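The structure under discussion appears below in the form of structure tokens.
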Amino acid sequence: MNAQRHQEVAALLDRAVEWAGARPDVAGLLLVGSWARDAAREDSDVDLVLLSDDPALYDAESLTDQWALGTFVTTRRWGPITEWRFVRESGLEVELCVGSPDWAGTSPMDPGTRRVVSDGARSLYDPRGLVAGVIGACAG
């Protein structure tokens, strides 16, 4: 993995954390997948989960404008979350999944949530302790 890719991802994550901290609707932000478990390759995408009190605030246009994520590619529903996929000019793919704080519920825990978090998760922003709770529940 080249240093430029690491720097690009670090800058993206820094910007995401700063943005999340300024939004009162944001209940949590997680990095998941290969970047979270320090196993990313040159072609690995960046997978983020954004928990919002009002997920309807977000769509491809607002996410592109607010995060400078690149070119919108596709969207898909995965149960309680919606995935927005973007490709940056460098070729880096960014998958931003948006859902309500219920996604991080642990009693009972959604099987999809458990699968995502168990595959590698790192808390980026957690003002309510939801992210720590779901990561802890998957680790235990």
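Computed from a prediction, not measured in an experiment: that's the story for all the values here.
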Within the distance-only criterion (no hydrogens, no angle test), does the side chain of [X] pair as donor or acceptor with the backbone N or O of [Y] below 3.5 angstrom?
X	Y	value
Glu42	Asn2	yes
Arg77	Gly79	yes
Asp126	Val131	yes
Ser34	Ser44	no

Any idea which heavy atoms bring [X] and [Y] closest together, and the distance?
X	Y	value
Ala27	Pro127	O-CD, 3.7 Å
Pro101	Ser52	CD-O, 3.2 Å
Gly99	Ile81	CA-CG2, 3.8 Å

Do the non-hydrogen side-chain atoms of [X] and [Y] ever get within less than 4.5 Å of each other?
X	Y	result
Leu96	Glu83	no
Arg88	Val94	yes
Thr82	Tyr58	no
Asp47	Trp35	no
Trp103	Leu130	no
Leu12	Val46	yes

Common cluster, [X]/[Y], ILVMFWY with side-chain heavy-atom separation under 4.5 Å:
X	Y	answer
Leu57	Leu69	yes
Met109	Trp78	yes
Val17	Leu31	yes

Run the numbers on Val26 and Leu50 for side chain to side chain contact (heavy atoms under 4.5 Å, CB included), then give the verdict.
-> CA-CA 7 Å; Val26 174; Leu50 172 69; 3.7 Å; yes
Whether [Y] and [X] form a salt bridge (side-chain N of Lys/Arg under 4.0 Å from carboxylate O of Asp/Glu) is what I want to check.
X	Y	result
Arg5	Glu8	yes
Asp53	Arg128	yes
Asp110	Arg115	no
Asp38	Arg122	yes

To the nearest 0.5 Å, what is the distance between [atom1] ([X]) and [atom2] ([Y])?
X	Y	atom1	atom2	value
Phe86	Thr75	CZ	OG1	8.5 Å
Asp45	Leu92	CG	CG	8.0 Å
Arg114	Asp119	CZ	CG	13.5 Å
Leu51	Leu30	CG	CG	6.0 Å

Would you call the rings of Trp84 and Phe72 parallel, tilted or perpendicular if under 30° counts as parallel and over 60° as perpendicular?
-> tilted
Distance-only donor-acceptor check, side chains Arg85 and Thr74, under 3.5 Å | no
In this structure, which one of Val98, Leu124, Val32 forms a side chain to side chain contact (heavy atoms under 4.5 Å, CB included) with Leu48?
-> Leu124
